[in-house]
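Please read the structure below before turning to the comments.
Note that the coordinates shown come from a computational prediction; the quantities given were computed from them, not determined experimentally. Atom set for the values below is all heavy atoms of this structure, side chains included, hydrogens, waters and symmetry mates excluded.
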Amino acid sequence: MHPDETSAPVANGAIVVDGLVKRYGELEAVAGLTFTVQRGTVFGLLGRNGAGKTTTLECCIGIGRPTAGSVRVLGLDPTDRRDLARLRPRIGVQLQATSLPEKANVGEVLELYAAYYGIAPRPDEMAARVGLDGKLDRQIAQMSGGEQQRLALALALQHDPEVLFLDEPTAGMDAFGRRILWGEVERLRDAGKTIVLTTHYIEEAERLADRICIVQRGKIVAEAAAAELVARYGGDATVSIAADGFAPDAELQALGGWTRAGAQWKLATRGEPGLALAAVVTRANSLAAKIDSLDMHRPTLEDAFIAITGETLEETG
């Protein structure tokens with residue numbers, strides 16, 4: 001990892017993870033993670049399934065106990081029973097799978113969890129926030145997996161936690177559910193909440209996270225804002241054209257590196273690809289060249305991820 005991408009843990013961060021190691025027998029699921037999540041930000045742990053993201057989150061919320069290293073959430077140690085008891089009312093957690101009583105309905109579950117926290121139940125309000133309005137009487141057993149995930153989010157939110165942990169929150173959700181959840185995360189960020197999000201969806205990380213930590217085989221391999229990762233690792237923008245009689249002139253040659261494969265010319269440039277595309281079309285028109293194909297590609301977070309890890313982020317289960 002580039003030495004400038006991360007720094008030593010910052011003691012006053014909302015979440016401070018320092019040298020976290022978690023082993024299960026001979027398997028090292030997390031291999032020395034160090035990062036800080038600043039208050040009021042969304043921090044994304046991005047990586048393929050099995051990268052160690054969920055294990056890291058579990059250590060942050062007191063489900064897992066680190067083999068080595070330390071975790072502090074709001075200055076408290078989740079491995080300490082007294083600290084964890086003080087921490088639980090201040091955090092909300094949505095896990096990949098939440099076990100809910102199948103014969104209970106949505107309203108009853110929301111009221112039950114409100115009682116856990118000693119707060120007044122707000123079933124109508126909380127159901128509406130996650131797109132379940134009008135479904136308070138629906139039994140858990142009758143809900144889709146995506147609806148249950150949205151209910152789990154409502155349960156994690158209704159006591160108004162300072163810090164929210166979301167573990168692959170939209171895995172298996174349809175487009176409607178994803179939009180609901182993304183909108184809620186954006187609203188919470190605007191309200192100054194601190195959020196840790198684990199995901200293997202590029203679009204989700206890029207849209208929601210202020211800072212992204214790419215995790216591979218239990219290690220951090222890069223950490224920065226999405227735009228910084230793309231600028232550093234995404235590679236060149238490209239413009240490709242196939243046109244009879246086309247050839248770049250000196251002005252186009254100055255825009256970057258050109259390669260040719262048969263009838264197709266390809267420009268790799270660090271400049272603005274839209275301007276390069278316009279110049280290429282102008283040149284083709286001046287030559288009266290018939291354009292058979294024309295394409296422009298801007299570097300993306302996915303390009304950066306592949307360059308950093310050598311892997312793609314296709315779903316693996």
Side-chain angles (χ1 to χ4, degrees), residues 1-3 5-7 9 15-37 41-71 73 78 93-98 149 164-173 178 181-182 185 195-226 228-230 232-234 300-317:
M1 181 170 56
H2 192 284
E5 287 169 356
T6 58
S7 57
I15 301 162
V16 180
V17 176
D18 189 8
L20 177 65
V21 175
K22 179 63 177 178
R23 299 189 188 94
Y24 298 96
E26 296 183 359
L27 173 65
E28 190 171 52
V30 178
L33 266 62
T34 294
F35 61 83
T36 299
V37 181
T41 64
V42 179
F43 189 85
L45 289 169
L46 175 66
R48 298 181 72 176
N49 291 337
K53 308 184 303 295
T54 295
T55 302
T56 300
L57 185 144
E58 288 174 348
C59 290
C60 290
I61 63 176
I63 292 178
R65 190 176 188 88
T67 305
S70 65
V71 177
V73 179
V93 180
Q94 180 193 10
L95 298 175
Q96 288 190 52
T98 302
Q149 280 290 83
L164 187 65
F165 293 92
L166 304 176
D167 189 21
E168 297 282 0
T170 62
M173 269 192 190
R178 235 173 244 190
L181 186 134
W182 288 356
V185 170
I195 301 170
V196 175
L197 166 77
T198 77
T199 184
H200 64 276
Y201 293 127
I202 285 281
E203 183 184 1
E204 187 162 88
E206 193 165 24
R207 173 168 171 169
L208 299 179
D210 299 300
R211 194 165 182 85
I212 295 172
C213 181
I214 296 179
V215 184
Q216 183 180 37
R217 291 188 284 276
K219 297 180 180 180
I220 296 174
V221 292
E223 181 189 338
E228 295 174 40
L229 292 171
V230 173
R232 186 175 298 160
Y233 298 107
T300 65
L301 183 58
E302 184 171 14
D303 295 325
F305 184 91
I306 293 170
I308 291 164
T309 66
E311 299 176 341
T312 61
L313 264 174
E314 75 274 4
E315 293 189 48
T316 55

Check against side-chain contact (heavy atoms from CB on, under 4.5 Å), V185 and L197:
CA-CA 10 Å; V185 170; L197 166 77; 5.9 Å; no
Y201/R207 under side-chain contact (heavy atoms from CB on, under 4.5 Å): CA gap, chis, key distance, verdict
CA-CA 10 Å; Y201 293 127; R207 173 168 171 169; over 6 Å; no
Begin with the C-alpha distance, continue with both residues' side-chain angles, and end with the deciding distance and a verdict on side-chain contact (heavy atoms from CB on, under 4.5 Å) for T56 and V215.
CA-CA 10 Å; T56 300; V215 184; 5.9 Å; no
Apply side-chain contact (heavy atoms from CB on, under 4.5 Å) to the pair I202 and T300, showing each step before the final yes or no.
CA-CA 9 Å; I202 285 281; T300 65; over 6 Å; no
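T67 contributes a side-chain N or O that, together with a main-chain N or O of R23, makes up a donor-acceptor pair within less than 3.5 Å. For Q216 (side chain) and V221 (main-chain N/O), no donor-acceptor pair under 3.5 Å exists by modelled atom type. Counting only distance, with no hydrogens or angles, the side chain of K219 and the backbone of V30 share no donor-acceptor pair below 3.5 Å.
Counting heavy atoms from C-beta outward, I212 and L301 have side chains that approach closer than 4.5 Å. Considering only heavy atoms from C-beta on, I63 stays 4.5 Å or farther from V93 through its side chain. Put simply, the side chain of L313 reaches to within 4.5 Å of the side chain of L46, judged on heavy atoms. A heavy-atom distance below 4.5 Å is not found between the side chains of T34 and I220. At a threshold of 4.5 Å between non-hydrogen side-chain atoms, the residues E28 and V21 count as touching. Side-chain contact check for L20 versus C59: some heavy-atom pair is nearer than 4.5 Å. The closest side-chain heavy-atom distance from T199 to E168 is below 4.5 Å.
What you find for E58 and Y24 is that their closest heavy atoms are OE1-OH, 4.1 Å. Listed here is the closest heavy atom pair of P66 and G69: CB-O, 4.2 Å. The heavy-atom pair separating P169 from Q149 by the smallest distance is O-NE2, 3.3 Å. Residue Q94 comes nearest to L166 through the heavy atom pair OE1-CD2, 3.4 Å, listed as atom of the first residue, atom of the second, then distance.
Side chain to side chain, D167 and T198 meet the donor-acceptor criterion of an N or O pair below 3.5 Å.
The CG atom of L95 sits 8.5 Å away from the OG1 atom of T54 when rounded to the nearest 0.5 Å. We find the CH2-CE distance between W182 and M173 to be 11.0 Å, quoted to the nearest 0.5 Å. In this structure, the separation between CD1 on I15 and CZ on F165 is 4.0 Å, given to the nearest 0.5 Å. Here L33 contributes atom CG and C60 contributes atom SG; the two are 9.5 Å apart, rounded to the nearest 0.5 Å.
The existence of a salt bridge linking R178 and E203 is excluded, since no basic side-chain nitrogen approaches an acidic carboxylate oxygen closer than 4.0 Å.
Taking a 6.0 Å sphere around CD of E302, one finds it holds 12 or fewer heavy atoms contributed by other residues, nucleotides or ligands.
Annotation: cation-pi pair R211/F35 absent, no NZ/CZ under 6.0 Å from the ring centroid and within 45° of its normal.
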